[in-house]
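The structure appears right after this line, and notes come after that.
None of these values were measured; they are calculated from a predicted model. Heavy-atom basis, side chains included; hydrogens, waters and symmetry copies ignored. In the text below, chain A, chain B and the rest are named by the order of the sequence lines, each starting its count at 1.
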Amino acid sequence: MKQVVGIINLQEDNSLIRELAATRAVEALPFAGRYRLVDFAVSNMVNSGMSLVGLLLPDFSRAVLDHIRSGKDWDLARRREGLTYLPAALPDNDSRKGDLKDIYANLDFAELSGKQYVLLTNASYIYNIDFEKVLEFHKASDTDITMVYSVVNANRKGKSMVIETNEQGKVTDLAEVTNIKAGQKMVMGAYLMPVPTFAYLVRSTYERGGQDFLLDALLRRGNEFKISAFEHKGYFAHINSTLGFYEANRDCLKPEVWEELFMNNERPIFTKIKDEVPVQYKETAEVKNSLIANGCEIRGTVENSIIFRGVTVEKGAVVKDSILMQRCNVQEGARVEGVICDKNVIITKNRWLKGAENYPYIVTKNARI
Amino acid sequence: MRKTECLAMILAGGQGSRLKALTKTVAKPAVPFGGKYRIIDFPLSNCANSGIEKVGVLTQYKPLELHNYLGSGSSWDLDRTGGGVFILPPYAREKGADWYRGTADAIYQNLNFIDLTDPDYVLILSGDHIYTMDYAWMLKAHKANNADVTIGVFEVSWEEAPRFGIMVTDKETGRITEFQEKPKEPKSNLASMGIYIFSKPFLKKYLEEDGVNENSTHDFGNDLIPKMLADGARMFSYAFDGYWKDVGTIESLWQANMDLLQDQPPFDLKDDKKRVYSSNPSMPPQFVGPDASVRQSMINEGAKIEGTVDKSVIFQGVRVGKGAQVTNSVVLPSAVIEEGAVVNYAILAQDVVIKAGAKVEGKLGEITVIPEGAIVNA
């Protein structure tokens, strides 16, 4: 994988996940108790042996910059190569929408990298993969571009790119749909191609008025290239709606998903290190079927929930089917059920909050209830 | 090298033979503690939090794992330009190589390192105590007293006093008048914490004398401190009133772990200013299963708890199977306790496997230790 340069696109459309992504990029959303979505994309590249990775920054980039910093926690703070931030293009007179102008503005990064291939991924997907296998597949097939896909197991809402393939694994059709059905092949935002192919695709599409990499470059011009598809057989989730975010978090409560995503010795998921204390369970703690991150102090009841770093659940408080992000505080006798609390939320004494299984109630950052 | 005001030297070569099975492969300072830490994290973090930028770590006994753990010092924010952690194992000179013959000899053999960093003061620490302390205050007292030596002291009960090196002090000034090493009849209950600040030229003079003295055991407590006292040096005590625990034995190590489990622990690991840093494994939040029960315990990342855990400290990557019971115990990284197994009053070292249905039961005062990698069958 040394001959592959990575570009991680952090410009996911956040319109379907407004409440949580109003002030941060989707990719910076906290996930599974201690991570942010972008950790998966970066860790996957690092674990696959890549050492040059560019992050295509979103409009709201503070959360991402503060999280990744020098890239040290992902082993990307190197003398040679390592992590590079690719800022968005300056707005010009015909200021266009879409991510293509930003990829175009940063084409030098890939072209001058001295690498043979580009791996472009999107950080709104959750999966643990060895991209080495994708590269081997690409080299073995007579193809220009390789996409990574997964077969969906249930109908889901939210914009997704689907493909159809023939027996040789070649992509015969590409489409963007708003609802995806079980059995369809969904593209997981990862595309591998030689640097010259990438440069040509981006440059010629942009220069002809293209705006969106996925739609204008890949989808509209797909028939000009030989495209192959590599199937990822493990767990995956696409975070493109609030419900999708809630469900993917809850998937991590399944032991097999927890093991596959996080406990692979060869491919750990890295994140920013915070030096938190191990979880402190006190005498009155009652915890069942939950993920609890370090720095938490639990005196109350927690069930079927994901609890992020530094949360306190006081005596007599009940937390069920919920996601509590960093430093939330559920005070004595309070009760939250089916709720997503953003960072630093305080649920004061004896307050009750309840959402539904298919419609979690969202409490915004720093709120005091 | 840039001049430094206060250089810290951590004595981390101790074998820790009283920790038996736990120090079979590692030096005592590398012994795990408190769910995610190792003993040496405490003095190292204290240095980082006290604004000390240069720390020499003197290693000797089974140093590999300790060296590996220290790495560049980045875990403690001690990978600084022109500073940071310096690992100082014994090394060969023109006249041959010597092991460190005692605590004072270890410093003596590294006098050239001390000269190189050119400090005004040298802080000597030992790598086997659990406490969080800001050394900056002690240094301030040292300067205010215009002292040659300042020794950190801790008030112990009169019954315990005969186990320690005892400082007899002038109540008003804190000046040390007498030193009693493990006295049968202590005249004071102020125990030496093994924390010393020396003014550098003063220390150098005494080390050079001691280094060539063939009758010396080359130990700070045995030789240097009594000698300095006899010479009438300005020696002061600095009283520390926080939590301080010597974890040199299995029982005291176990007890110090249990101390963390109190509803209000005796010292706050969460205090941002006294944060204890450690090397962090990349592991997910712990998973607590549908039939699990966890109380009065501290559990680290990557643990998977499906049974019952009560009054225990559980390290990263530990697995507790369904129906298994772990009580009053300390379980070190990646140990596995299979379904229905019972562990009580025990310390399980790294990678231990307690097979389904097996029992490991010690009792208060007789903690059972299962050595690294051992498999206990039913």
Side-chain angles (χ1 to χ4, degrees), chain A residues 31-35 39 43 46-47 72-75 77 252-255 257-259 261-265 267-299 302-310 312 315, chain B residues 33-37 41 45 48 72 74-77 79 257 260-265 268-272 275-306 309-319 334:
Chain A
F31 185 77
R34 76 186 289 242
Y35 304 94
D39 292 339
S43 301
V46 171
N47 290 335
K72 186 175 188 172
D73 293 338
W74 292 262
D75 198 22
C252 296
L253 292 177
K254 295 173 188 153
V257 173
W258 183 81
E259 299 273 358
L261 282 181
F262 304 115
M263 295 302 279
N264 185 329
N265 280 337
R267 305 202 303 266
I269 303 299
F270 302 101
T271 189
K272 182 178 179 178
I273 286 169
K274 297 243 170 98
D275 286 293
E276 293 282 5
V277 182
V279 183
Q280 292 169 293
Y281 296 87
K282 301 298 183 183
E283 201 172 349
T284 48
E286 221 24 281
V287 179
K288 301 250 185 275
N289 201 38
S290 296
L291 281 191
I292 319 275
N294 273 5
C296 290
E297 201 173 301
I298 312 286
R299 286 190 167 79
V302 179
E303 276 179 40
N304 308 324
S305 296
I306 288 100
I307 312 292
F308 281 70
R309 295 193 267 205
T312 46
K315 209 170 159 180
Chain B
F33 174 81
K36 75 179 286 196
Y37 310 97
D41 286 335
S45 302
S72 66
S74 66
S75 299
W76 303 271
D77 226 355
D79 54 338
N257 274 287
L260 296 172
L261 305 180
Q262 296 168 20
D263 192 67
Q264 301 298 334
D268 189 4
L269 285 164
K270 285 185 167 176
D271 188 335
D272 249 348
R275 181 72 65 177
V276 181
Y277 306 102
S278 184
S279 173
N280 286 269
S282 291
M283 288 209 181
Q286 58 206 253
F287 175 71
V288 181
D291 307 314
S293 163
V294 184
R295 286 192 176 165
Q296 290 187 75
S297 294
M298 249 172 107
I299 305 188
N300 198 20
E301 289 159 345
K304 186 176 184 184
I305 312 295
E306 295 178 286
V309 175
D310 196 8
K311 297 193 190 72
S312 295
V313 174
I314 310 280
F315 281 72
Q316 64 269 18
V318 166
R319 286 161 191 256
S334 307

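- In this structure, the portions of A:Leu291 lying under 4.5 Å from any heavy atom of chain B include both its backbone and its side chain.
- At a threshold of 4.5 Å between non-hydrogen side-chain atoms, the residues A:Val277 and B:Lys36 do not count as touching.
- For chain A, the option among B:Gly35, B:Gly317, B:Pro290 with the highest count of heavy-atom pairs below 4.5 Å is B:Pro290.
- Contact check for A:Met263 versus B:Lys304: no side-chain heavy atoms found under the 4.5 Å cut-off.
- B:Asn280 approaches A:Ile273 most closely through the heavy-atom pair ND2-CG2, 3.2 Å.
- A donor-acceptor pair under 3.5 Å links the side-chain atoms of A:Lys288 to the main chain of B:Ala292, judged by distance alone.
- The two residues B:Pro285 and A:Trp258 come nearest to each other via the heavy atoms O-NE1, 3.1 Å.
- Chain A forms more heavy-atom pairs under 4.5 Å with one residue of B:Ile305, B:Ile314, B:Asn300 than with any other, namely B:Asn300.
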Report the C-alpha separation of A:Tyr281 and B:Val309 in whole Å, then their side-chain angles, then the decisive distance to 0.1 Å, and conclude whether the side chain to side chain contact (heavy atoms under 4.5 Å, CB included) test is met.
CA-CA 10 Å; A:Tyr281 296 87; B:Val309 175; over 6 Å; no
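- Pairing each heavy atom of A:Gln280 with each of B:Leu260, the nearest pair is NE2-O, 4.4 Å.
- In this structure a side-chain-to-backbone donor-acceptor pair under 3.5 Å is present from A:Asp275 to B:Ser278.
- Looking at A:Lys282, its side chain never comes within 3.5 Å of a backbone N or O of B:Ser297 through a donor-acceptor pair.
- Considering only heavy atoms from C-beta on, A:Ile292 stays 4.5 Å or farther from B:Phe287 through its side chain.
- Contacts between A:Phe308 and chain B at a heavy-atom distance below 4.5 Å are absent for every atom of the residue.
- The contact between B:Tyr37 and chain A is made entirely by side chain atoms (from C-beta outward), counting heavy-atom distances below 4.5 Å.
- Highest contact tally toward chain B, considering only A:Gly33, A:Pro268, A:Cys252, A:Ala285, is held by A:Ala285 [criterion: heavy-atom pairs under 4.5 Å].
- Looking only at side-chain heavy atoms (C-beta outward), A:Tyr35 and B:Pro284 come within less than 4.5 Å of each other.
- A:Val279 places none of its side-chain heavy atoms less than 4.5 Å from the side chain of B:Glu301.
- Ion pair A:Glu283/B:Lys311 not flagged as a salt bridge, since none of the NZ, NE, NH1 or NH2 atoms sits closer than 4.0 Å to an Asp/Glu carboxylate oxygen.
- Between A:Glu259 and B:Arg319 there is a salt bridge, since a side-chain N of the basic residue sits under 4.0 Å from a carboxylate O of the acidic one.
- Chain B forms more heavy-atom pairs under 4.5 Å with one residue of A:Lys72, A:Arg299, A:Glu286 than with any other, namely A:Arg299.
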